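A short worksheet on the structure shown next.
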Amino acid sequence: MTKQKLLLLDGNSLAYRAFFALPLLTNDSGIHTNATYGFTTMLQKIIGEENPTQMLVAFDAGKTTFRHESFGEYKGGRQKTPPELSEQFPYIRKLIDAYNIKRYELEMYEADDIIGTLAKQAAGQGIEVIVVSGDKDLTQLATEDVTVYITRKGITDIEKYTPAHIQEKYGLTPEQIIDMKGLMGDQSDNIPGVPGVGEKTAIKLLKEHGTIEKLYEAMDSLKASKMKEKLVDNEEMAHLSKKLATIHTDAPLTISLDDLAYSGPDEESLLNVWQELGFKSLIEKSDFEAVETEQAELVFENVQSIKADMLKDTMAIHLELENEHYHSCNALGLALTDGERTVYTAIDNVVDNADLKAWIQDETKKKYMVDSKATQAMLHRLGIELKGVEFDLLLASYILKPSISGDDVATLAKEFGYQDVQSNEAIYGKGAKWIVPGADHVAEHVSRKAVAVWKLQPVLEQTLKENEQFELYKELELPLAHILGKMESEGITVNIDTLRQMGDELKTKLEVMEATIYELAGEKFNINSPKQLGVILFDKLGLPVIKKTKTGYSTAADVLEKLQSEHDIVKHILEYRTLAKLQSTYIEGLIKEVHKEDSKVHTRFQQALTSTGRLSSTNPNLQNIPIRLEEGRKIRKAFVPSKKDWILFAADYSQIELRVLAHMCGDDALVEAFQQGMDIHTRTAMDVFNLENPDDVTSLMRRTAKAVNFGIVYGISDYGLSQSLDITRKEAGIFIENYLQSFPGVKNYMDTSIEEAKKAGFVTTILNRRRYLPDITSSNFNLRSFAERTAMNTPIQGSAADIIKKAMIDMDARLEQEGLQTKLLLQVHDELIFEAPKEEIEILERIVPEVMENAIKLSVPLKVEFSYGPTWYDAK
DNA sequence: TACGTCACG
DNA sequence: ACGTACGTGACGTAA
């Protein structure tokens, strides 16, 4: 067996050292990271160099120690720990835990004593000991078996104190370090020592007499001097100081050396903490990803053909795709498992296998899988209609842990404690290096995924039931996945010619505007570069700087709007920006997404992404097609029905979020306003401006009230409202105060939401969707405030999302039940877009509002408005 | 790949 | 005093 080596770290001292050695770094979420970063680099270095078999980080516990009993002023007059450092300690503990290093603190004792005690114990057993600290006091522990590392200047630069080194440096033994400190004192610990005795004098005295005790024994023989006087006068202090400086090597520890075994970090957790802290360089440098984790052996068969006898009533199935673009990419293969037998077959053996196809299409054959929507869409392209989805790991994970990012089976599985599946990146590589490995590797990888799904199904369903979220998962998200899959596969037709024509017109306009802008600027530059634009506007033309970004001048629209009167160029730039956006994103970008075969775009609705429960839409994003400005709105003319004599039919909830708020907070005035069908912004204006008559509400008042209502939904702050209305913070504050006084139920809701989040750690929506808010108790103002606003907003936005999802399921059933040809194509958060034959308009006008308004019963009515026309533009 | 910007609800 | 509205995705630039 190799020799054991124990590393003992002084947590507090090293954290302080790191904090003061590095500039005050901040990560994206506003947490300071200089101490955590320094601590980490120090750990990385020392572990790498020393390769310890045992490790421990000791911390000081509490404020008082046994040392205070003998000397009340011990460590008195010390500056309070800076809050920028205090906030980093929880993360340092997290880091240590992720490294799988034992940490320890003991009531009444300091880290020094813990280290001293363990060092002595270990040395007694012949273990090599290394002590690491930023505090030179620890050098007293040095022996032949114990080396003390003290950080110098930075945190990774280290001075190694052996007895020989101490002899060389001071001419003293390690034990004499205590005497030295007894004589000279220690300012940082408020140990007095003997006044007037510094390092030099102390060393001289000790070289002569050995110890403080012997020094005083010999005092009579010393010739009279100022020094002697001081020594005599302060004899008691000298002895006390020595006592205080002595590290105890017999602290009553509740741990033993056996508890300190170190065998390397938990790479997953460590990466997570690094991610959280934003240590990108460390993540990149780490070779964790490449480390082949030991995985249990898997028995599977790579078969030419999946035979009928392999197809059971309930199985996990995994269809492996090349990438996430399942409307256009290839499938690689398919694995099935029933927990006993696992089979894989390449994709070429799937399509023509009638038994397999029938089994997939058989609703009574229950399938467990991950991402049923992607699977359904890909199989649909292969001419197979997936039925009987019983479990979807992606959706179950999303309900249980909405914060998990990514849809890799390995990531999901690990979150729930299952390790025996590799990440896609490990198998295929990523980016330009992506490559399909040999068939056997793919077969095993895909088989492992199927097995992972099989194993995780009972675990996740059980947890969902315990959380009372099973219904949300099984009755809402799972059936919704099927509907979204159909919507995506159906796609929406885009008239490319319309887009091209608009693009041509835009191109001409943009060229003219470009020329005008260059002229006004007096030179050519890249208008699309905020950096170059900033130079022109603020340096060359000398416009006043209203706002800055972290990289330079802000040239955002709200800033430019305020500068319009300063220079003609500004309005041209604003106009240019608007058109350039249309051109690049909505003309060129959209054209790229149109499928040649059917002239349609097939977006992907991300169903397991947002933290509120909303959907998102990608490739292309059809949830942000312009509407507010007429120029942009025209883009919608390119979205048309897929058949002649069909129309697009759009239905949207009116004020759904405020209605949800009214329902949840039960505020009498708000509920009444909706029950009476009042214009809610006008009603709000009456309350905020203390008016009796709706006719007294001016359009400015209504606009203001509308902004206040938005603010309420977002988790109000006076600053936010002042920005959106361009008024002072104080004025905004008065509006908010008036509002909350008029609607006390809302105020109560806001307070209760935050309280609940603090108590339970999460907030919930109407259908029991959760959002966890760990930052709600953070000592960091920014993080905490953000969590508080989220606590107010998420139940509102999330419940609205629940409602429309339920409406989609009901609507799908109703269309089926009525035997209609109408198809649901898009969802845009509070609206549904259908395409329908003209003959069905009349019935849609009746059933769409009915179904949507009754999706979930609230204490206030839901209101749906609709319209239709030959293009999306006309459905207004 | 990060940032600023801007489109939507 | 702190620095912000909530939730998204796509683009071009610049590193």
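Because the structure is a prediction, the values reported are computed rather than measured. Residue numbering restarts at 1 for every chain, and letters A, B, ... go by the order of the sequence lines.
- Under 3.5 Å, the side chains of A:K373 and A:Y326 contain a donor-acceptor pair of N or O atoms.
- Under 3.5 Å, the side chain of A:R789 and the base of C:dT4 form at least one donor-acceptor pair of N or O atoms.
- No contact: A:V713 has no heavy atom under 4.0 Å from any strand.
- Each of C:dA10, C:dA14, C:dG7 was ranked by its minimum atom distance to the side chain of A:S529; first place goes to C:dA14.
- Note on A:E630 versus A:K634: salt bridge recorded, some NZ/NE/NH1/NH2 to OD/OE distance being below 4.0 Å.
- A straight line from CG of A:N526 to P of B:dC3 spans 20 Å, rounded to a whole angstrom.
- Within 4.0 Å (heavy atoms only), A:A707 reaches at least one base atom of the nucleic acid.
- Here B:dG9 is the nucleotide among B:dG9, C:dA5, C:dC6 with the atom lying nearest to any side-chain atom of A:H829.
- Using a 4.0 Å cut-off between charged side-chain N and carboxylate O, A:K524 and A:E514 make no salt bridge.
- OP1 or OP2 of B:dG4 sits under 4.0 Å from a side-chain N or O of A:T549.
- For the OP1/OP2 pair of C:dT4 and a distance below 4.0 Å, the side-chain nitrogens and oxygens of A:S722 include no atom meeting the criterion.
- Among the nucleotides B:dA7, B:dG4, B:dG9, the one closest to any side-chain atom of A:K550 is B:dG4.
- OP1 or OP2 of B:dC8 has at least one side-chain nitrogen or oxygen of A:R628 nearer than 4.0 Å.
- C:dG3 and B:dC8 have their C1' atoms separated by 26 Å, given to the nearest Å.
- Between the NZ atom of A:K547 and the C1' atom of B:dT5 there is a distance of 10 Å, rounded to whole Å.
- Among the nucleotides C:dG12, B:dA7, C:dG7, the one closest to the side chain of A:K581 is B:dA7.
- Between A:T551 and C:dA14 there is no side-chain N or O to OP1 or OP2 distance below 4.0 Å.
- The A:R729 side chain lies nearest to C:dT4 when the options are C:dG7, C:dT4, B:dC8.
- Side-chain N/O atoms of A:T555 include one lying less than 4.0 angstrom from OP1 or OP2 on B:dT5.
- Rounded to whole Å, the distance from CG on A:L609 to C1' on B:dG9 is 16 Å.
- Side-chain contact of A:T728 with A:E731: a donor-acceptor pair under 3.5 Å is present, judged by distance alone.
- The partner of C:dA1 is absent, by the rule that a Watson-Crick or G-U pair needs both atom distances under 3.5 Å.
- Distance noted for atom P between B:dC6 and C:dC2: 27 Å (whole Å).
- In this structure, A:I796 reaches neither bases nor backbone, as no heavy-atom distance under 4.0 Å exists between it and the strands shown.
- Here C:dA5 is the nucleotide among C:dA5, C:dT8, C:dA14 with the atom lying nearest to any side-chain atom of A:I716.
- Between the side chains of A:Y749 and A:D667, not a single donor N or O lies within less than 3.5 Å of an accepting N or O.
- A:L622 comes within 4.0 angstrom of nothing in the nucleic acid, heavy atoms only.
- At the heavy-atom level, A:Q797 lies under 4.0 Å from base atoms of the strands shown.
- Mapped onto DNA chain C by nearest heavy atom, A:S785 and A:T794 fall at different nucleotides, with A:S785 at the one closer to the 5' end.
- The side chain of A:K531 places no N or O atom within less than 4.0 Å of a non-bridging phosphate oxygen (OP1 or OP2) of B:dC3.
- Residues A:K730 and A:D718 are not paired through a salt bridge, judged by the lack of any N-O separation under 4.0 Å between the basic side chain and the carboxylate.
- Distances were taken from every side-chain heavy atom of A:A556 (C-beta onward) to each of C:dC6, B:dT5, C:dC11; the shortest belongs to B:dT5.
- Nearest to the side-chain atoms of A:R614 among the listed nucleotides B:dA7, C:dT8, C:dG7 stands C:dG7.
- Within 4.0 Å (heavy atoms only), A:I627 reaches sugar-phosphate atoms of the nucleic acid but no base atom.
- Within the 4.0 angstrom heavy-atom criterion, only backbone atoms of the sugar-phosphate kind lie near A:N621; the bases stay farther away.
- Aromatic ring centres of A:F735 and A:Y739: separated by at least 6.0 Å.
- The side chain of A:R577 contributes an N or O atom lying less than 4.0 Å from OP1 or OP2 of B:dC6.
- Applying the 3.5 Å distance criterion, the base of C:dT4 shares a donor-acceptor pair with the side chain of A:S717.
- Using a 4.0 Å cut-off, no side-chain N or O of A:T585 falls inside it from OP1 or OP2 of C:dG9.
- Salt-bridge check for A:K805 with A:E477: passed, with a basic side-chain N closer than 4.0 Å to an acidic carboxylate O.
- A:E788 places its CD atom 16 Å from the P atom of C:dG3, with the value rounded to the nearest Å.
- Atom-to-atom, CG of A:L533 to C1' of C:dG12 comes out at 13 Å; the value is rounded to the nearest Å.
- The nucleotide B:dA2 finds its pairing partner in C:dT13, both defining distances of the Watson-Crick or G-U wobble pair being shorter than 3.5 Å.
- The interatomic distance linking A:L582 (CG) with B:dC6 (C1') rounds to 10 Å, in whole Å.
- Atom CG in A:N782 sits roughly 11 Å away from atom P in C:dA5 (whole-Å rounding).
- Within the 4.0 angstrom heavy-atom criterion, only backbone atoms of the sugar-phosphate kind lie near A:G589; the bases stay farther away.
- At a threshold of 4.0 angstrom between heavy atoms, the contacts of A:A557 are confined to the sugar-phosphate backbone, with no base atom among them.
- Under 4.0 Å is where a charged nitrogen must lie from a carboxylate oxygen, and between A:D874 and A:R636 no such pair does.
- With rounding to whole Å, A:L826 atom CG is found 20 Å from C:dT8 atom P.
- Among the atoms of the strands shown, only primed sugar atoms or phosphate atoms (P, OP1, OP2) are found under 4.0 Å from some heavy atom of A:Q532.
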